[in-house]
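See structure below.
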Amino acid sequence: MPSSWSALRSLVSRDSSAEELLSLLNDPFKQELGDGAIWSALGSSVGITFGMAILFSFVRPYNTVVYAPKLKHSDEKHAPPPIGKGIFAWVKPLWSTNEKDVIAHAGLDAAVFLRFTRMCRNIFLVLAVLGCAIIIPVNWTKNSGKSEQKWFKRITPLEVWGSNNWVQVVFAYLAVFVICGFLWWNYKKVVVLRRGYFDSEEYQYSLHARTLMLNDIPKNLASDEGIARMIDEIIPQSSFARTAIARNVKVLPELIAQHDRTVRKLEVVLAKYLKDPHNLPAARPLCKPSKKDPSFSTYPKGQKVDAIEYLTQRIRDLEVEIKEVRSTLDKRNTLPYGFASYDDIAEAHCIAHALRKRKPKGTSVALAPRPNDIIWDNMPMSPSARSWNRIWNNIWVAVLTIIWIVPNAMIAIFLVNLNNLGLVWKDFQTTLAADTTFWSIVQGILSPAVTSLVFLVLPIIFRRLSIRAGDRTKTGRERHVLAKLYSFFVFNNLVVFSIFSTIWSFVTAVIADTQKDPDVWKAILKVDPATTLFIALCNISPFWVTYLLQRQLGVATDLAQLWKLTWSFFQRKMGSPTPRELIELTAPPPFEYAMYYNYFLYYSTIALCYGGLQPLVLPAAALYFAVDVCLRKYLLLYIFVTKTESGGMFWRVLFNRFIFATVLSTLVVFLTCWVRGEGTHTQAFAVIPLPFLVIAFKIYCSRAFDNKIHYYATRNVVRNPEHGNPKDPLRSDRLATRFGHPALYKPLITPMVHSKAQNVLPSIYRGRISDGREAYSGDTMSTSGYSDAYILNPMDKSGKAAKSSMPGFELVPEGRLDFEYYKNRPEFASEHGGGEIYGRHADLIRPGTPGSMWNDSEPPSRPGSPGLPPVPRTASPGPGRTYSPLAGNASPKATLPEPGRSRSPLYAMDDESGLNLVNNAAAMPMTTPHREPSMEHPALRAPGGAGMLGGGPRGYGNLPQEEDMTPEHDPMAYDYFRSTRTRRS
């Protein structure tokens with residue numbers, strides 16, 4: 001040990017660069033923060049934000065595709081308030097739109113997000129007034145004798161001693177009471193919002209609201225009847241449930257994923273090769289065969305093949321394989337999870353509440369999420385595998401957090417200020433001095449670029465880790481991502497960053513003492529760790545003021561949509577985007593709730609922890625949230641969409657993290673009072689009850705509000721089973737269709753090619769595209785007879801669709817490169833709001849028949865479509881119509897929504913190109929059962945056709961539909977043979 005210290009002392013004494021490095025590690029911001037640093041940060045941040053807002057006001061009216069996509073694509077129910085063409089016309093809708101309107105236009109998740117932002121603004125406005133009025137006068141007065149101190153350090157308790165630190169105790173108690181008061185008030189408001197969400201039309205008419213999800217079902221009960229029997233044993237008073245056990249889909253999900261990737265690769269290849277159809281490149285594109293291709297071994301190792309021919313052949317092989325797997329699935333090959341649906345929402349919620357802490361026969365019972373919220377690949381995972389994966393997930397997160405300590409310190413020291421790098425690297429100092437303008441630009445771009453890249457990659461990493469850990473839902477995964485991001489930021493960017501200089505202060509102090517006295521332990525004992533930590537926190541506190549002031553630029557960048565505009569410009573002008581990519585560029589982007597919530601919690605934690613040490617962080621945080629409340633409201637109303645609605649379930653995660661931040665802030669106050677308080681530590685002991693009061697408050701809120709947030713009803717109000725309807729295998733099978741694995745019915749995407757290449761496209765395939773294809777009557781042909789292909793055919797002079805010159809591809813005209821024409825397709829809508837805001841409600845059920853539902857492809861605005869029975873309707877004075885009330889136990893005040901703007905341009909004629917999408921829709925690859933003449937309607941073959949799963953009247957996998965799902969037509973149903981014997985007898 002002494003030899004190590006002597007080596008380090010000798011290194012420091014003879015190497016000025018190492019000495020400078022230790023000095024920078026001790027105080028990384030000593031050369032960055034001057035007297036005007038805070039004022040310059042405030043001026044630049046507010047000035048740039050204000051400038052971007054003004055620029056946005058001028059540009060917005062002329063670029064609604066970027067700055068108001070929801071106004072264009074949403075149906076009437078979800079469309080935000082209209083905005084005029086005036087420069088500041090966007091301000092009035094924000095002022096006049098209340099929380100109820102936000103829920104109607106953007107969803108409950110967006111409303112809770114804005115409520116949390118307003119709560120943070122109000123908390124820090126109150127704390128800023130208290131901190132500046134109580135702490136600053138005392139600290140400034142007691143530091144008045146230190147004239148050499150900078151003004152922003154004079155307001156810290158660095159030189160405040162003795163009884164004067166009672167001001168810290170008083171402020172800590174006031175801060176805790178203010179925080180708990182706002183949290184309690186908003187917790188109550190969130191409960192009210194959740195109760196309103198339960199009573200809403202969408203929830204009352206949704207199938208998942210009355211459905212239970214059962215996981216880890218024993219093998220002997222893994223059947224439709226087994227689920228019902230298990231629930232009857234546990235809750236004998238429950239009514240009859242429609243049950244559905246999960247079926248093994250084998251390798252279907254992976255095959256479909258490979259198909260999607262291969263189609264997109266082919267689109268990229270064609271987009272580059274056909275960029276100029278009149279001047280094709282001399283050489284055809286090449287690619288390496290996929291390692292997942294069964295015929296991979298037949299290709300010469302390392303040799304590339306013709307990309308167009310290979311990818312076409314690969315797509316065809318995958319479609320044939322998918323078709324074969326779908327046709328050979330055995331319904332009796334079950335998985336250990338399933339669903340049970342009830343007629344009454346209250347009954348389903350009562351059963352879920354009663355079984356929330358119990359695991360009957362090892363089975364966990366919970367309310368079912370929306371079908372599009374389920375991560376299907378994780379559903380069959382066993383409890384042991386899930387637990388083991390979570391352990392490894394936590395280990396990887398811990399390793400990543402620890403590894404990031406060193407890069408984080410280097411970025412903070414050197415990239416933020418390149419002069420620091422010049423102090424330890426003399427050659428770079430010469431280069432830096434030779435061209436200061438260039439390196440100033442590099443310094444201004446490099447640090448934000450690196451940190452932004454890291455912050456963009458981190459959510460992706462944590463999201464994949466959460467999926468591998470076994471998360472069953474996407475919304476639950478996002479909550480776990482938020483928790484991990486917050487832990488990472490607080491530990492690495494706050495705790496480690498704050499105590500890093502403390503550690504090096506300790507090291508340098510020990511080195512200095514051992515130069516006089518070689519006794520290392522005596523030097524270590526001389527240093528007081530608590531005092532060193534306190535001094536380091538006070539010295540670094542001004543940095544956090546400038547840091548919070550500069551955070552305004554983030555929301556200004558979002559408002560200006562700089563990233564989207566930049567990416568779109570480079571992709572359009574310097575790349576060869578595919579039609580699919582161009583369509584996705586015009587879609588409203590999904591809002592990253594986990595990332596933004598993490599920023600808010602992280603900034604709040606900084607402000608709470610440093611509020612007693614540097615009161616200026618409180619008004620800086622208040623300013624940030626005040627600006628954010630205004631601008632984020634516009635973003636959520638007009639630009640961003642909620643990818644998967646959770647119904648406001650982020651609140652508990654936010655509440656718990658805010659409680660943690662409050663407890664952490666009381667520990668900082670305890671440190672201050674311990675180091676600078678009276679010798680008896682009376683002030684420090686007075687702070688000890690605060691953490692326990694905060695924890696007690698959390699327990700109270702959890703017991704008082706959580707059940708009301710999670711469950712529509714908790715009392716046992718289940719009905720007598722004699723009053724329920726007999727169990728119907730037809731309805732059970734419909735439940736299985738709705739909560740079945742998407743791989744069973746997901747339409748396969750079709751390669752999209754720009755229509756300008758229509759004449760050239762057939763010649764580049766050399767006849768390979770039609771090999772092995774199944775043609776059908778009329779002018780229809782699907783990709784290998786098995787795809788959601790809608791060929792755009794030129795029309796002859798008679799107005800009839802001519803035969804397609806290139807079957808198996810979707811030719812997209814220039815005028816159709818817009819999300820508006822494809823927003824009801826699952827392949828596009830799933831990433832941009834799930835179709836909910838476009839009038840395509842995927843989880844609604846018919847009035848009076850909880851076991852049935854709207855088909856995924858049929859919006860409620862077309863109730864009279866072929867294949868669906870007519871629904872009684874009554875006229876309403878509003879712009880749309882409403883349905884008759886629900887029968888049975890449904891809420892009498894709920895009405896089925898009917899979006900009036902749920903138009904689908906895919907079924908319209910393109911006047912410019914003369915193309916029609918309906919007359920040449922893909923036919924069914926398999927023989928279909930006999931239908932009535934009225935059922936043979938083009939809508940049945942269109943992507944939005946009623947009563948079908950996509951690709952044809954009986955779906956891609958030849959799945960039974962509602963009109964033919966009877967025991968006679970469904971031999972795989974549980975009661976098929978029993979019902980057959982009964983009929984014969």
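These numbers were taken from a predicted model, which means no experiment stands behind them.
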Evaluate the criterion side-chain contact (heavy atoms from CB on, under 4.5 Å) for residue pair Arg194 and Met649; output intermediate values, then yes/no.
CA-CA 9 Å; Arg194 282 286 295 178; Met649 293 306 293; 3.5 Å; yes
Would you give the length of the straight line joining atom OG1 of Thr605 to atom CZ of Phe658, rounded to the nearest 0.5 angstrom?
7.5 Å
Say you draw a straight line from CZ of Arg261 to NZ of Lys292; how long is it, rounded to the nearest 0.5 Å?
4.5 Å
Over all heavy atoms of both residues, which pair between His832 and Pro589 is shortest? Give the atoms and the distance, please.
ND1-CA, 4.4 Å
For Cys673, does its backbone N or O pair with a side-chain atom of Gln168 as donor and acceptor, under 3.5 Å?
no
Check step by step if salt bridge (charged side-chain N to carboxylate O under 4.0 Å, His left out) holds for Glu592 and Arg463.
CA-CA 12 Å; Glu592 296 287 346; Arg463 195 170 285 119; 3.2 Å; yes
Does a side-chain heavy-atom distance below 4.5 Å link Tyr486 with Val653?
no
Nearest 0.5 angstrom please: Ile709 CD1 to Asp706 CG, how far?
6.0 Å
With a 4.5 Å limit on heavy-atom distance, are the side chains of Val490 and Phe660 in contact?
yes
Closest approach of Met381 and Arg386, non-hydrogen atoms and distance?
O-NH1, 3.2 Å
Quick check for you: to the nearest 0.5 Å, what is the distance between Leu671 atom CG and Thr531 atom OG1?
8.5 Å
Side chains of Asn492 and Thr401: do they bring a donor and an acceptor to under 3.5 Å?
no
Got Leu158 and Ile535 here, is their nearest side-chain heavy-atom distance under 4.5 Å?
yes
For Arg356 and Ala366, indicate whether the former's side chain and the latter's backbone hold a donor-acceptor pair under 3.5 Å.
no
Below 4.5 Å, heavy atoms only, C-beta onward: do Phe462 and His480 meet side chain to side chain?
no
If every non-hydrogen atom of Pro369 is compared with every non-hydrogen atom of His208, which pair is closest and at what distance?
O-CB, 3.4 Å
For His353, the ring-ring contact (aromatic ring centres under 6.0 Å, His included) test, sequence neighbours excluded, returns Tyr711
Decide yes or no for Leu485 and Phe488: does some side-chain heavy atom of the first lie under 4.5 Å from some side-chain heavy atom of the second?
no
Evaluate side-chain contact (heavy atoms from CB on, under 4.5 Å) for Thr156 paired with Tyr610, printing each intermediate quantity in order.
CA-CA 10 Å; Thr156 67; Tyr610 281 91; over 6 Å; no
Relative to each other, are the rings of Phe543 and Tyr547 parallel, tilted or perpendicular (30° and 60° limits)?
tilted
Under the criterion ring-ring contact (aromatic ring centres under 6.0 Å, His included), I'd like the reasoning laid out for Tyr187 against Trp184: C-alpha separation, chi angles, the key distance, then a yes or no.
CA-CA 5 Å; Tyr187 217 135; Trp184 175 78; over 10 Å; no
Taking CH2 in Trp396 as the centre, count heavy atoms belonging to other residues, nucleotides or ligands within less than 6.0 Å. Is the count above 12?
no
Where do Val694 and Phe697 land on the side-chain contact (heavy atoms from CB on, under 4.5 Å) test, with the steps shown first?
CA-CA 5 Å; Val694 174; Phe697 169 74; 5.5 Å; no
Where does the angle between the aromatic ring planes of Tyr603 and Tyr599 fall among parallel (under 30°), tilted (30 to 60°) and perpendicular (over 60°)?
parallel
Determine, using ring centers only, whether Phe113 and Phe600 are less than 6.0 Å apart.
yes
Using every non-hydrogen atom in the two residues, find where Leu335 and Pro380 come nearest and quote the distance to one decimal.
CD1-CG, 4.0 Å
Short question: side chain of Asn393, backbone of Asn389 - any donor-acceptor pair under 3.5 Å?
no
Would a distance-only check, ignoring hydrogens and angles, find a side-chain to backbone donor-acceptor pair under 3.5 Å from Arg477 to Asp471?
no
Mutual orientation of the aromatic rings belonging to Tyr597 and Phe650 [parallel < 30°, tilted 30-60°, perpendicular > 60°]
tilted
Is it true that a side-chain atom of Asn656 and a backbone atom of Arg652 form a donor plus acceptor pair closer than 3.5 Å?
yes
Shortest non-hydrogen contact between Ala607 and Leu618, atoms and distance:
O-CD2, 3.6 Å
Check: Glu645 main-chain N/O paired with Asp109 side-chain donor or acceptor under 3.5 Å:
no
Provide the full list of side-chain hydrogen bond (donor to acceptor under 3.5 Å, both in side chains) pairs with a residue in residues 363-378, sequence neighbours left out, each pair given once.
Tyr197-Arg370, Asp373-Thr475
Does CZ in Arg464 sit with more than 12 non-hydrogen atoms of other residues, nucleotides or ligands closer than 6.0 Å?
no
Set of residues satisfying salt bridge (charged side-chain N to carboxylate O under 4.0 Å, His left out) with respect to Lys474, sequence neighbours excluded
none
Determine the minimum heavy-atom distance between Ala110 and Leu636, stating which atoms define it.
O-CD1, 3.9 Å
Between Met119 and Ile123, is the side-chain contact (heavy atoms from CB on, under 4.5 Å) condition met? List the steps.
CA-CA 6 Å; Met119 183 192 74; Ile123 286 176; 3.9 Å; yes
Arg632 vs Asp558, salt bridge (charged side-chain N to carboxylate O under 4.0 Å, His left out): CA-CA, chis, key distance, verdict
CA-CA 9 Å; Arg632 295 284 180 203; Asp558 283 345; 2.7 Å; yes
When rounded to the nearest 0.5 Å, the distance separating OG of Ser604 from OH of Tyr624 is 9.0 Å
CG of Leu608 to CD1 of Ile179, rounded to nearest 0.5 Å, is 4.5 Å
Ignoring hydrogens and geometry, is there a side-chain-to-backbone donor-acceptor pair from Ser541 to Cys538 under 3.5 Å?
yes
Are Phe534 and Pro157 packed together at the side-chain level, in the sense that at least one heavy-atom pair is separated by less than 4.5 angstrom?
yes
4.5 Å side-chain heavy-atom contact, Gln614 and Pro542:
yes
Does Phe489 reach the side chain of Leu494, with side-chain heavy atoms less than 4.5 Å apart?
no
